[in-house]
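In what follows, a structure is listed as structure tokens, so that the remarks can point back to it.
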There are 2 protein chains.
Amino acid sequence: MQDALIRKLESFEDLTDGDRAALRALVPRVRQVPARTDLIEEGHVPERIHLILDGYACRYKVLPDGQRQIMAYLVPGDFCDLNVFILDQMDHAIGTISPCQVVEISRNAIEEVTAHYPQVTRALWWCALVDEAILREWLVNIGSRQAHQRIAHLFCELLLRLEAVGRVSDNSYAFPFTQTDIADTMGLSDVHVSRTLRELRRLQFITLKRRVLTILDVEQLKAYCGFNPNYLHLRNTRWSARRQVPWLSSSHGA
Amino acid sequence: MQDALIRKLESFEDLTDGDRAALRALVPRVRQVPARTDLIEEGHVPERIHLILDGYACRYKVLPDGQRQIMAYLVPGDFCDLNVFILDQMDHAIGTISPCQVVEISRNAIEEVTAHYPQVTRALWWCALVDEAILREWLVNIGSRQAHQRIAHLFCELLLRLEAVGRVSDNSYAFPFTQTDIADTMGLSDVHVSRTLRELRRLQFITLKRRVLTILDVEQLKAYCGFNPNYLHLRNTRWSARRQVPWLSSSHGA
DNA sequence: CGGGCGCTTGACTGCCTTCAACCCCAGTGG
DNA sequence: CCACTGGGGTTGAAGGCAGTCAAGCGCCCG
């Protein structure tokens with residue numbers, strides 16, 4: 001259960017037993033945080049690095065007019081603020097969606113590990129780069145896709161990210177987000193999210209009951225929203241990323 | 001002219017003469033790239049790191065239906081692919097907007113410098129984190145603001161970023177982007193961009209002639225789109241970021 | 001001088017928002 | 001046991017912001 005981070009890093013590269021032991025030693029005490037609670041506020045200067053062990057959280061900003069924009073979902077194995085070492089203060093807030101298990105890791109502990117385990121350093125850097133790649137894909141999502149595809153794309157992404165940390169079974173995963181959360185993520189109104197979900201259910205793509213999301217036909221849903229997993233840079237999706245190159249130049253065929 | 005990178009890094013922290021000399025030594029040969037040319041293609045594995053010395057470029061993806069989404073503007077002093085060290089392949093492309101001076105720096109050269117100049121290492125890391133912060137703000141921009149404010153916000157951001165590398169005079173800067181570029185950036189149609197720009201001109205916020213943008217009243221434009229520069233993490237904007245905290249809790253006043 | 005690209009304008013359409021009412025259900029307290 | 005309450009979700013009607021289509025203009029450049 002606590003090995004979400006290790007599982008995630010191993011979806012990038014192999015770790016030695018020593019690497020794994022070093023990562024486990026990072027976790028001194030686990031803090032239980034209730035749902036709908038800020039872990040870090042905008043303008044704050046965090047002293048320690050926060051890591052989600054279990055539960056869901058999100059990055060968000062609130063505009064002067066009260067509008068909230070969610071910019072990232074944080075799932076088990078995700079860091080909240082690896083940037084602590086450099087930046088002066090948080091330019092956004094982080095809040096929990098569901099109850100979360102969170103650990104706080106001191107700068108020193110991280111520096112200690114990275115100094116002795118280069119594989120781990122690479123893997124942490126990989127985390128930061130994948131976070132950025134996800135951000136870019138979200139920009140594409142909001143900027144270029146319609147509401148239906150936008151939400152379908154989110155469901156596909158969460159499926160893969162949660163699979164990488166062992167939180168998926170039978171194409172189902174916990175989905176504690178409200179429709180208002182989705183709306184604030186996708187730049188839509190909650191009313192429209194409701195209608196869109198109804199449509200996705202009607203098309204037999206998903207079921208969403210009691211905060212559990214089930215994707216009924218993964219390949220069909222991916223095709224529906226044009227999902228290309230290459231931006232997640234997972235080992236087991238690299239081949240499929242290459243396989244998908246042809247459809248970029250599909251006009252050549254036939 | 002070639003010191004865009006150094007000027008930019010110094011907007012984050014002071015560099016010693018040694019730091020500056022090491023950075024200048026990084027630049028072996030400058031390549032001139034015409035406008036509207038790909039520097040790096042999606043799926044490619046770049047061997048060297050690309051740095052923009054002069055001109056404008058952008059990160060973008062093209063969806064299967066031909067829709068292009070621009071995810072970042074690269075201005076003098078910006079790196080294209082600091083991630084070379086980690087990721088397997090590019091998940092997006094980078095193309096020039098205007099003619100560009102570009103240098104390619106080998107992995108070894110960067111590793112050499114970062115090994116000996118810790119300040120430089122910090123500064124490069126800062127670059128990566130600011131790029132990510134800009135991406136988050138763009139997500140807010142597309143997700144939460146209307147067309148007018150979106151475009152105004154872009155103009156404000158470019159003003160500050162270009163100021164940091166000495167490319168602004170009298171609140172004017174080079175603006176080689178077409179309206180179609182802006183449209184693909186903002187998730188709008190080019191027709192609507194045209195109408196929006198007309199409105200921004202009518203409101204006396206900007207003039208845009210012969211590819212030169214002039215902001216007529218910076219403070220008014222910032223207020224119009226709710227621009228908060230804290231996400232750029234520039235030294236000389238930190239105070240103003242703190243000054244702006246009050247409007248987050250403006251409901252307390254009066 | 002022709003051609004093409006970038007830009008503009010008008011008319012029409014449509015995706016999505018807003019407003020408002022209502023339902024369902026879990027938690028709470030009398 | 002049941003009334004109360006509030007958050008989350010659903011539905012309908014009306015309207016607006018922005019997209020699409022199409023035509024035309026101005027200008028650079030071969």
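Note that these values count all heavy atoms, side chains included, but never hydrogens, waters or copies made by symmetry. Here the structure is a predicted model, which means the values were calculated and not measured. Lettering follows sequence order; numbering is per chain, from 1.
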note: Arg198(A), atom CZ; dG9(D), atom C1'; distance rounded to Å ~ 12 Å

Between His192(B) (NE2) and dG14(C) (C1'), how many Å, whole number?
-> 14 Å

Does the ring center of Phe175(A) lie less than 6.0 Å from the ring center of Tyr56(A)?
-> no

In terms of side-chain geometry, is the basic nitrogen of Glu157(B) or Arg161(B) positioned less than 4.0 Å from the acidic oxygen of its partner?
-> yes

Closest to the Ser194(A) side chain: dC7(C), dT11(D), dT8(C)?
-> dT11(D)

Taking CD from Gln146(B) and P from dC16(C), how many angstroms apart are they, rounded to a whole number?
-> 15 Å

Geometric class of the Tyr73(A)/Trp138(A) ring pair [parallel <30°, tilted 30-60°, perpendicular >60°] = perpendicular

Is any side-chain N of the basic residue among Asp181(B) and Arg68(B) closer than 4.0 Å to the acidic one's carboxylate O?
-> yes

Here the distance between atom P of dG6(C) and atom CZ of Phe175(B), to the nearest Å, is 14 Å

Spacing of Cys225(A) atom SG and Arg150(A) atom CZ [to the nearest 0.5 Å] = 13.0 Å

Ignoring backbone atoms, establish whether Arg36(A) has a side-chain N or O less than 4.0 Å from OP1 or OP2 of dG8(D).
-> no

Could you give the CG-to-P distance, from Leu188(B) to dC7(C), as a whole number of Å?
-> 15 Å

Within the structure shown, what part of the strands sits under 4.0 Å from Thr178(A) by heavy-atom distance: base, sugar-phosphate, or nothing?
-> sugar-phosphate

Among dT8(C), dT11(D), dG8(D), the one nearest any side-chain atom of Gln179(B) is dT8(C)

Taking CG from Asp190(A) and P from dC19(C), how many angstroms apart are they, rounded to a whole number?
-> 12 Å

Would you mind reading off the distance between Arg202(B) atom CZ and dT9(C) atom P, rounded to a whole angstrom?
-> 13 Å

Does Arg211(B) place a side-chain N or O at less than 4.0 Å from the phosphate oxygens OP1/OP2 of dC7(C)?
-> yes

From dT11(D), dG10(C), dG9(D), nucleotide with atom closest to Arg195(A) side chain = dT11(D)

What is the nucleic acid contact for Arg201(A), judged by heavy atoms within less than 4.0 Å: base, sugar-phosphate only, or nothing?
-> sugar-phosphate

Rounded distance (Å) that lies between atom C1' of dG9(D) and atom CG of Leu197(A) = 10 Å

